[in-house]
Enquirer: 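This structure is in structure tokens; I'll ask about it shortly.
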There are 2 protein chains.
Amino acid sequence: MVPHLTTALNGPILELERRFLNAAPEIERWLRGQWQEHTPPFYGSVDLRNAGFKLAPVDMNLFPGGFNNLNADFMPLCVQAAMTAIEKICPSAKSLLLIPENHTRNVFYLQNVAHLVNILRLTGLDVRLGSLLPEITEPTPVALPNGQSLLLEPLVRTRYRLGLKDFDPCAVLLNNDLSAGIPEILQNLNEQFVLPPLHAGWAVRRKSNHFAAYDEVADEFAKLVGIDPWQINPYFSVCSHVNFHERQGEECLAANVDAVLTLIREKYNEYGITETPYVVVKADAGTYGMGVMTAKSAEEVIGLNRKQRNKMSVIKEGLNVTQVIIQEGVHTFERVVKNDVAEVAEPVVYMIDRFVVGGFYRVHGGRGIDENLNAPGMHFEPLAFETSCCLPDCGQNPDAPPNRFYAYGVVARLAQLAASLELERTAPADE
Amino acid sequence: MVPHLTTALNGPILELERRFLNAAPEIERWLRGQWQEHTPPFYGSVDLRNAGFKLAPVDMNLFPGGFNNLNADFMPLCVQAAMTAIEKICPSAKSLLLIPENHTRNVFYLQNVAHLVNILRLTGLDVRLGSLLPEITEPTPVALPNGQSLLLEPLVRTRYRLGLKDFDPCAVLLNNDLSAGIPEILQNLNEQFVLPPLHAGWAVRRKSNHFAAYDEVADEFAKLVGIDPWQINPYFSVCSHVNFHERQGEECLAANVDAVLTLIREKYNEYGITETPYVVVKADAGTYGMGVMTAKSAEEVIGLNRKQRNKMSVIKEGLNVTQVIIQEGVHTFERVVKNDVAEVAEPVVYMIDRFVVGGFYRVHGGRGIDENLNAPGMHFEPLAFETSCCLPDCGQNPDAPPNRFYAYGVVARLAQLAASLELERTAPADE
């Protein structure tokens, strides 16, 4: 089952997909060249939005959860990609320490960890799980719904290395986004690979750095295939000194919302788009869909009530929001029809190293086309992609599923490339 | 449907599979290290034989046909592997010239070419077909059974480059095994990558070089996992000056058949195997199952009748056989039950670069367990593997399909590694 895109047959997206298809040799060659210059992150997932007139990434996760939502048929693809990634980093690797998030009660998340462990084990690595939780003081099995279990073990730190009891791994793979800061136990691991690097964690990372890098990638790519970069790139701007509790930075916010909306309106006029422009205001270091609101006018961000301010001011791990990104909202026109009801769907594409390894749709019944589908408490149903995003079929229409998913895979790889640039540029001098 | 291996549950193969499973981290790490030192051939297919007490490669093809017999589900795996291969060879590649075999009337072979073209196009390459056939003097479409067609074009040679009219490729990929010799038009292409290298063609290549390299690989690997190398390696020896027509070299042949049979007998005694040992006598440069006979005693190769001598003396392209390899015969105990009849099945594993990308069974009803299943005129039915050979499952028995196929994938990669060594060692000094 592939979601039906309501505007597929007549929207400009068809033209975009056609250009991607026709330019596939140039695109792949260009990407090959880029990966010679820039090292892709170990893994990543990209939230895409397909507005019919625009196909763009709206978020890039460098500590992807949700591997359990991928089509099981693509497992070999994940393993092959992971083999390439490991080979490059650490050819002599035999053992790997995986550090998951701390929410040991989230069954969905634990299933993701189990999948990740499987993928890595299938590359031939001894994989064990080290927990940052202080209460894990001895090996602790955690049951999974399928009857299997994960073993969380306490970390053992020596001067320059991290491991477990009787386990000295070659590399440390983080599946913990470090929202709460970089724990001391992870610092100065001079003798081991830490992947992704510590500055990829939300303690340091900023969405705005990512999208600044994406601007460059999108511009160069757009030149290559002869499109308006806006078709794959949402406008954004940043407010640096915001305190929602104390109503600081409201003017900056309002001015930027207005500026971004003006830019969108110009583009909508240029392309004859009749939708209402909107922006998404997000914590620049936020994740998990926390600290997010949408606005269709500058007024909406002025004079927020207490509830709204509370919602915007705190992100994961209870951190305060001080910097926000104002991003062009991209409508999602994709729908999955279920029980005769069309439900909003947002594609998420997964990558390991420079390879697309699958994806799924976040399908959410109760939400509008201009809402954030990754919201706290949101219940989404994952719908695994049936195609692999790497098999375009020139014999079919540009919007046939293999070709649509090829376009998704291309834009996702652009975001992965932007992440490479972002991590290069934000690397601390001593790393 | 996975073929049922009759001896599966009690034979020593179970022990072999268990060792592979348990040693998977060491195996994968060791292979990773080997691929740092040795460049895998662009692609290859390996004929394996599973005797229950032994699992060994009996032939390695560096110009694999039969890509059309692979499970279509593994197409993304092929594309990903081909991307890696191309990246390494020629990151800036945009165009590739594929040179197929000359038998343009073999529909099965043409379907293989079409699949190969698809895989390569999906990596983003412009792929075109150049024909060595002198009668192809202008672009000539060849129809395929599925309604598609291939376009064969005449080659255009300049001083150091090969291409087609208005097509100057970065690399030349051979799917032609050069049995007839290395055509002048392929020589001295100093400005292009030629893959696999010319000395991989049967004009130069010798099976005995391959199996000499495999001896080394198997010995080292056997040490790694703690098995007798014989369990994965057939004995062989060579007779260099044979002329079947003139009955030259009969003594050498008889002596070597006897010597190899003696070695096999010793091993059969050691392991309490009650099967009758046999050898396979093959042209050292032969392919397509031509120039092959089996023997259970030295007497069988002495005083061959005219028909037998004719059969043994000519291989593909009408070349004379002058050197033969006497290889330990490995019984195939795998059976596919079809219409209540158990038919002999031989696995063939396909690789691109260092990755296993699928495989299939040659299923042949009329043949015995000690016969060559790749014989001229042989009608085999391909049965695509349902698993990818890279997803062992430690939760299941060592002989459960995912684990059996993992073992197949490991042994196939050993043969691919041996091919790397073989090509290094047989490379002409100026290449």
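Naming: A, B, ... by sequence-line order, numbering from 1 per chain. Owing to the predicted nature of the structure, the values given are computational and were not obtained by experimental measurement. Basis for what follows: all heavy atoms, side chains included, without hydrogens, waters or symmetry-related copies.
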Enquirer: Decide side-chain contact (heavy atoms from CB on, under 4.5 Å) for Ile86(B) and Arg32(A); before the verdict, give the C-alpha distance in whole Å, the side-chain angles of both, and the deciding distance to 0.1 Å.
Expert: CA-CA 9 Å; Ile86(B) 288 156; Arg32(A) 269 198 290 279; 3.9 Å; yes
Enquirer: How long is the gap from CZ on Phe74(B) to CG on Leu77(A), to the nearest 0.5 Å?
Expert: 11.0 Å
Enquirer: At a heavy-atom distance under 4.5 Å, which candidate from Arg29(A), Arg121(A), Glu26(A) has the highest pair count against chain B?
Expert: Arg29(A)
Enquirer: Go through the steps for Arg354(A) and Glu87(B) under the test salt bridge (charged side-chain N to carboxylate O under 4.0 Å, His left out), then give the verdict.
Expert: CA-CA 11 Å; Arg354(A) 59 211 182 278; Glu87(B) 229 173 49; 2.2 Å; yes
Enquirer: Applying side-chain contact (heavy atoms from CB on, under 4.5 Å), run through Met83(A) and Glu28(B) and close with a yes or a no.
Expert: CA-CA 9 Å; Met83(A) 279 180 161; Glu28(B) 297 299 335; 3.3 Å; yes
Enquirer: Only one of Thr84(B), Val356(B), Val357(B) clears side-chain contact (heavy atoms from CB on, under 4.5 Å) with Gln80(A); which?
Expert: Val357(B)
Enquirer: Check whether Ala23(B) gets within reach of chain A through its side chain, its backbone, both or neither, counting any heavy atom under 4.5 Å.
Expert: neither
